Amino acid sequence: MNKPLRHLALVALVMFALLFGSTSYVQYFSAQSLRDNPLNSRTLQQELGRERGPILLADGRVVASSMPSESSTYDYQRVYGGDGVDPAMYSAVTGFFSVVYGPSGLEQAENSMLAGTDDAMFYRNLTHYLTGQEPPGAAVQTTINPAVQEAAWNGMGGQRGAAVALDPRTGEVLAMVSTPGFDPNSLASHSHDTATQAYQELLGAESRPLYNRAIGGNLYPPGSTFKLITAAAALESGQYTPETELDAPTTLELPLTTATIRNAGGAVCGSGGRATLQHSLMVSCNTSFAAMGMELGDQALREQAEAFGFDEGFTMPLRVTASSFPDELNAPQLAQSSIGQYEVRATPMQMAMVAAGIANDGVVMQPNLVSSVVDSTSLDVISDPSPREMSRAVSPETAQQLTEMMTTVVESGTGTAAQIPGVDVAGKTGSAQHAQGAAPHAWFTAFAPADDPQIAVAVVVESGGDAGSEASGGRVAGPIAKAMIEAMVNS
Amino acid sequence: MSAPAPAAVHYGAPRRVRYRLLELLLILLAVLASVVAYALVGLGAQNEIPANVYQYGGWLLALGLAAHAVVQWRARYADQTLLPIVTLLNGLGLAMIYRIDIAKGRLEDGGGAAGSQLIWMTLGVALAIGVLIALRDHRVLRRYTYTAGLAAFLLLLLPLLPGLGVTINGARIWIRLFGMSFQPAEIAKILLAIFFAGYFVAYRDSIVLAGPKFLGIQWPRLRDLGPIVIAWIASVGILVFQRDLGTSLLIFGLFVAVLYVATAKRTWILLGAVFFTGGALLAAQAFSHVQQRIDGWLHALDPEMYNREIGGSYQLVQGLFGMANGGLIGTGLGRGRPDIVPYSESDFIIASLGEELGLIGLFAILMLYVLLMARGLKTAMLVRDGFGKLFAAGISFTIALQCFIVVGGVTRLIPLTGLTTPFLAAGGSSLVANWIIIGLLLRISDNARRPQEEFHTGVLGTVRQETEEEPSPRRRRREEQAGHTGTGQTPAGEDATVIVQEVPGPEGSDPRERGQA
């Protein structure tokens with residue numbers, strides 16, 4: 001019986017070999033990913049034993065901070081708002097810090113800094129440990145201008161949508177609002193039940209408050225705001241100037257299909273079925289832009305869109321979902337895409353980048369939400385990102401021509417609602433159809449002052465907001481953009 | 001069959017002395033390591049050495065020395081590593097249980113799990129000592145083959161009795177008696193090992209040879225198949241009625257291991273595995289708790305599975321997080337957060353140890369089990385009688401398999417089942433049963449390594465006379481029916497000494513070898 005005994009010993013050894021393997025896998029090979037797992041509250045527990053760094057607005061006011069906690073589970077409680085700061089207004093910026101669901105938003109993107117565990121703080125932490133102190137996390141100073149943020153938040157009111165403002169010269173994010181927002185305090189509760197209930201309610205809500213519509217979520221068709229990119233592609237091609245006369249029929253017959261493209265309200269643009277490029281943009285003529293898009297070809301459009309940042313996600317340090325320009329277009333699809341319909345999808349952040357690029361002589365600056373990270377105890381600056389060029393979207397000449405064309409939109413075109421006395425505003429409206437029978441999304445993107453741009457904005461109000469089917473981009477989204485610009489320019 | 005012939009080697013007194021001296025030294029080391037671990041837990045978690053460290057150390061030392069003394073008295077040739085290995089495992093377990101007690105603030109309320117574990121350990125050592133004193137020859141147990149089988153069966157049924165059985169975490173494997181809960185399956189596994197060993201040693205020839213041949217496989221006769229089917233039904237029954245995948249797997253594994261050692265038929269192992277997998281799959285289809293276990297294993301890291309209230313993967317995932325937190329070298333005793341994991345002192349003590357002692361510590365612990373298993377199987381190879389071989393193999397393999405099921409479950413190698421880690425985990429029934437197993441292994445290894453001539457001078461002689469040299473007429477008849485054409489002078493099959501087995505001729509004692517010739 002000793003031979004089968006040896007086999008049995010072999011089987012047992014194989015079982016132990018498997019155990020040596022599985023324990024090594026858990027404790028060594030996959031240990032880091034397990035530690036980083038968002039469900040891992042151990043990491044959180046360690047973090048909550050330390051004072052987490054605050055998140056600050058550009059004016060130094062605190063939007064998120066840690067207070068000593070009375071509850072026994074964790075030492076510190078994350079608190080949002082206070083000091084006249086509405087926590088829901090900033091929910092798209094801060095995200096939340098939940099002991100159950102982990103961090104989101106900036107809390108997640110800057111987690112290692114806020115928690116004080118970043119490698120950049122290694123030596124600092126070492127001295128703290130040597131002296132027996134728990135090192136507090138670093139303070140994250142954002143670029144958010146509270147006045148612009150408030151203008152955007154109040155302008156959106158109860159309507160769903162998003163608004164973004166950028167400094168076109170630096171890429172600094174001046175405002176980022178997504179509505180409806182939420183109160184992160186309920187999610188930061190240390191009570192498992194309270195936090196879970198709050199989260200499940202937000203998750204289940206039909207209005208999807210946890211989506212950050214400004215940089216993610218389901219994205220929007222950009223509608224006529226995309227005509228800026230079509231116009232840019234036309235000017236960059238060298239075959240068009242703002243004065244080039246385009247075919248602008250009332251109804252554009254499309255090849256390969258019985259579908260047609262018409263102008264809003266069946267309006268005529270130009271005279272005798274002809275309109276200049278500049279006039280077409282001013283009145284947002286669909287037929288001339290669709291026809292021009294088919295002339296330019298999908299390759300030129302896609303390249304222009306990508307030059308402004310389409311088809312590529314990035315971090316700022318929040319992750320921005322890539323806006324997309326569709327592949328493999330036939331002629332009618334191309335025509336639709338030229339006016340920001342079909343499968344073109346964009347984030348409000350992307351459309352703000354388009355306006356910012358035009359404002360900044362054709363150079364798109366990398367959007368950035370964090371102006372500096374500062375050690376909370378020593379006040380040493382740990383990181384201090386400098387403005388970075390992301391891409392050159394168009395030549396300075398093209399940028400200048402587009403600026404002039406956009407100024408006429410606000411002066412006498414579809415965007416008159418955004419006029420500000422004493423300030424030249426350059427803008428573009430959009431009404432994006434997204435579902436059969438639903439009111440279109442109202443868009444407005446703009447920058448100002450036109451000759452010395454300080455702010456570029458993009459606003460989208462879902463399904464026309466309160467105005468519903470009566471909505472147009474100029475009338476619904478325009479005033480919000482105007483309020484944001486005023487908050488910046490007049491401060 | 002190239003087993004060494006122990007009888008041919010002359011063991012002198014020096015070797016016997018060396019065994020025991022080494023055992024004593026190793027026990028002292030094991031006690032020292034356990035006490036240091038205990039002190040480190042106090043230092044790590046509370047910045048002070050536990051006040052009762054001397055009493056604690058003294059108690060462990062007393063237990064170790066008592067066991068050693070009884071081995072010296074009653075089992076001088078017994079394997080010298082068994083006691084030290086389990087003393088160390090038990091001591092490490094105690095330190096970790098004490099550590100969890102501190103974390104959960106159970107010490108202030110008096111007692112704590114570590115205190116009762118120490119009492120159970122004392123009882124376990126006492127029972128192991130009792131086995132060594134009362135049982136002079138393991139072959140006596142063979143007389144109780146069917147009694148043991150019946151007792152095991154009844155013990156396994158106990159938790160199903162209304163009023164007596166308790167359902168804990170969905171598994172009905174506990175009984176509550178006089179305010180204490182007990183897991184009868186732990187004792188039942190020893191009785192089953194006796195039953196399987198006794199049964200197969202008697203019937204292995206007829207099982208192997210007497211049946212019809214079909215599809216190239218020698219099938220057993222229907223009546224020989226009976227107990228095999230009963231074992232299968234018992235293990236699937238546990239799975240179904242007591243909802244305990246772990247015990248079910250353990251019992252079936254024990255059965256298959258003994259069956260294989262007895263018959264050397266690999267095809268049957270395959271059949272057994274197919275049967276069990278089939279049964280388990282059916283159970284998974286039919287019973288949600290089995291399905292949940294499998295889902296929780298496959299999709300453990302899904303937030304939905306993790307947050308599920310019942311049957312979710314919270315415990316498993318928390319265990320993994322704890323182990324990951326420990327990493328290569330661990331957080332140090334008393335410095336981690338093993339208490340976050342539910343049942344961190346019993347079912348998940350491996351995760352707790354992994355967190356605080358690191359991968360290195362777990363490797364050391366696993367190596368202790370490898371040694372234990374290896375020494376047990378070595379004993380099985382050395383021992384002369386078939387019953388002893390099967391029994392020692394069965395209980396040694398059980399320890400290895402139990403380790404595999406628990407540690408594999410905790411590390412997500414296999415679906416998680418509720419079994420205790422032998423000697424480490426808090427839990428009275430398991431600890432006591434495993435100490436009894438050690439008592440039995442010590443007894444068998446003493447027998448295995450005892451020089452031949454001592455048998456005639458010792459008490460063992462009489463036992464040997466009854467059980468081996470005079471097979472009952474009834475049994476001899478059975479043997480002949482089974483196609484055994486031996487002279488009748490040959491001791492019944494497996495009872496033949498190794499020396500006889502080494503000269504298999506046409507009339508040899510081992511029918512299988514003859515068949516192959």
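What you see is a predicted model, and the numbers here were worked out from it, not measured in a lab. Numbers restart at 1 for each chain; the letters A, B, ... are given by sequence-line order, proteins then strands.
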What part of [X] gets within 4.5 angstrom of chain A, counting heavy atoms only: side chain, backbone, both, or neither?
X         : answer
Arg266(B) : side chain
Leu401(B) : both
Leu359(B) : both
Met373(B) : side chain

Inset, instruction - Against chain B, work out which of Ser22(A), Ser30(A), Ala31(A) has the most heavy-atom pairs shorter than 4.5 Å and name it. - result: Ser22(A)

Inset, instruction - Mark yes when over 12 heavy atoms from residues, nucleotides or ligands other than Leu203(A) sit less than 6.0 Å from its CG; otherwise mark no. - result: yes

Inset, instruction - Please say whether more than 12 non-hydrogen atoms of neighbouring residues, nucleotides or ligands are located less than 6.0 Å from CZ in Arg208(A). - result: yes

Between [options], which has the largest tally of heavy atom pairs under 4.5 Å with chain A?
options                         : result
Ala257(B), Gly326(B), Gly354(B) : Gly354(B)
Val407(B), Leu377(B), Leu366(B) : Leu366(B)
Gly408(B), Gly358(B), Gly330(B) : Gly358(B)

Scan side-chain atoms only and decide if [X] and [Y] contain a donor-acceptor pair under the 3.5 Å cut-off.
X         : Y         : answer
Asn111(A) : Arg52(A)  : yes
Arg78(A)  : Ser66(A)  : yes
Tyr369(B) : Gln402(B) : no

Legend entry - Aromatic ring proximity, centroids under 6.0 angstrom, Phe20(A) and Phe363(B): yes

